[in-house]
Number of protein chains: 2
Amino acid sequence: MAARDYGQYSGVTRALELVGERWAMLIVRDLLVGPRRYGELASGLHRIPSNILAARLKELQAAGVIRRAPRSRVIVYELTPYGRELEPVVLALGAWGFKALDDPRDEQLVTPESMTMDLRTAFRPLVAAALPATAYAAHLGSSELLIRVDGAALDVSQGEGAADLAFTAGPDILRLISGELAPALALSTGAIRVLDGRRDLLDRFASTFHLAA
Amino acid sequence: MAARDYGQYSGVTRALELVGERWAMLIVRDLLVGPRRYGELASGLHRIPSNILAARLKELQAAGVIRRAPRSRVIVYELTPYGRELEPVVLALGAWGFKALDDPRDEQLVTPESMTMDLRTAFRPLVAAALPATAYAAHLGSSELLIRVDGAALDVSQGEGAADLAFTAGPDILRLISGELAPALALSTGAIRVLDGRRDLLDRFASTFHLAA
DNA sequence: CCGCATCCCATGTGATACTG
DNA sequence: CAGTATCACATGGGATGCGG
């Protein structure tokens, strides 16, 4: 499965030969959140055919971007140090694509991994540093994201935890971040529902995470 | 030609739907150097089939990344303002891929556009600011690149011009930039040949443009 | 069940030829 | 010069199978 060659000797072509195939960059994106098992990758990228996932994992290993690592009886895939250096690429790509998001369609999901990277992309450390430390719990369908902001530091993890504000988050959460949907409107229309905590903290969330279109 | 959908509502997937197809990012890279005609793009990306180039140009227009513009009797393609915002993505991708370059193969070309973007990627403004203003003329096969460094500013253009140092540049020029090939060695082996100017200016070039593997 | 491998078909890609 | 048309082939997508 030789990566198809562009016939040029340059940085961009080399990069695209290594991670330019369909789905490859999304595997990298999800692994930037943390090591993942095969099945976790498959469900996070729910439309990827299993043969393609298997093929990409092999190619990315051969390219030195990811590695298979045994973790107490099970195999996980993780980024190599060189693979982790793709983070600026993924963040830049995410910031650019974020501005081109139109209204979400019904079939479109927000996965914990995509949401985590979108949050990292939209995080404004300078704004956050001026605000009190805050923890948010975002319920995305079946999974929960714990978003802890403390000064200029951001930590996003999956699972339960104490939070100042808990809310349900569908795709519209990204429209909140883009400023296209005001917090008050999101609450009044029910696009976002607060489960626990002070509703006005959603304003703080929206100013902490913002990426204008 | 609907861009195939990843089924996710996120920044990275949206970006990849717009510019993730094969060859698309390379068209963007070349247009970051300046507006180009169809034939110029085709020869800069010499392995692209003409039907694929035509298809990509249409898709990128539909995506709002590029536009057709009439320039005194001829049509050129140029980036839209939104397309120009891909520059950080291309530079990050180039910097990452640059480190994975192995030895050049005979079939691999260095085009003026790829070289221009690689130079922008490897440019070290802080180093350059401490050096005298210098102009380099790099002969790449049939074309010539005029590289002007003045303080922390870099300007790369195609065509002739007065230069402090003129040299021939094959693919090995990138190995010089990566530090894999020392200037003295490049000169003694003939990998790089100085046509005009002080040979020791090649050291200055190598310290101005550097991206370690 | 998880982690893939196989099969088959739709679509995208690549090389070449061709046209306004 | 700036694309379009055609066709063989490689790749992607979806379903299914299967060993550990």
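Being a predicted model, the structure only gives us computed values, none of them experimental. Throughout, protein chains are lettered first and strands after them, A, B, ... in sequence-line order, and every chain is numbered starting at 1.
Salt bridge B:Asp164/B:Arg204: absent, no basic N to carboxylate O contact under 4.0 Å.
Taking every side-chain heavy atom of A:Ala54 into account, C:dA5 is the closest of D:dT11, C:dT13, C:dA5. Residue A:Arg37 has its side chain nearest to C:dC2 when only D:dT11, C:dC2, D:dG13 are considered.
The base of C:dA15 lies outside donor-acceptor range of the side chain of B:Ser50, with no N or O pair under 3.5 Å. Donor-acceptor pairing under 3.5 Å, judged by distance alone, is present between the side chain of A:Asn51 and the base of D:dG14.
Among the candidates B:Arg37, B:Arg71, B:Arg36, the single residue satisfying the salt bridge (Lys or Arg N to Asp or Glu O under 4.0 Å) test with B:Glu78 is B:Arg71.
The shortest distance between the side-chain N/O atoms of A:Arg22 and the OP1/OP2 oxygens of C:dG12 is not below 4.0 Å. Under 4.0 angstrom from either OP1 or OP2 of C:dA15 there lies no side-chain N or O belonging to B:Arg47. For the pair A:Arg4 and C:dG14, the criterion of a side-chain N or O lying under 4.0 Å from OP1 or OP2 is met. An OP1 or OP2 oxygen of D:dT4 is reached within less than 4.0 angstrom by a side-chain nitrogen or oxygen of B:Lys58. Side-chain N/O atoms of B:Trp23 include one lying less than 4.0 angstrom from OP1 or OP2 on C:dG14. For A:Arg68, no side-chain nitrogen or oxygen approaches OP1 or OP2 of C:dG3 to under 4.0 Å. Side-chain N/O atoms of B:Tyr77 include one lying less than 4.0 angstrom from OP1 or OP2 on D:dG3.
Atom C1' of nucleotide D:dT11 and atom CG of A:Leu53 are separated by 16 Å, given to the nearest angstrom. Put simply, CD on A:Glu107 is 15 Å from C1' on D:dG13, counting in whole angstrom units. If you measure from atom CD of B:Glu59 to atom P of C:dT11, you get 15 Å, rounded to the nearest angstrom. Here C:dT13 presents its P atom at 11 Å from CD1 of B:Ile27, a figure rounded to the nearest Å. Here the C1' atom of nucleotide D:dA10 and the CD atom of B:Glu21 are 15 Å apart, to the nearest Å. As a whole-Å value, the separation of B:His46 NE2 from C:dT16 P is 13 Å. When rounded to the nearest whole Å, the span between CG of B:Asp5 and C1' of D:dG13 equals 13 Å. Residue A:Ile52 contributes atom CD1, which lies 10 Å from atom P of D:dG14 at whole-angstrom precision.
Ring geometry for B:Trp96 versus A:Tyr82: interplanar angle under 30°, hence parallel rather than tilted (30 to 60°). Ring pair B:Tyr6/A:Trp23 is perpendicular by interplanar angle, where above 60° counts as perpendicular and below 30° as parallel. Using cut-offs of 30° and 60° for the angle between ring planes, the A:Tyr136 and A:Phe167 rings count as perpendicular.
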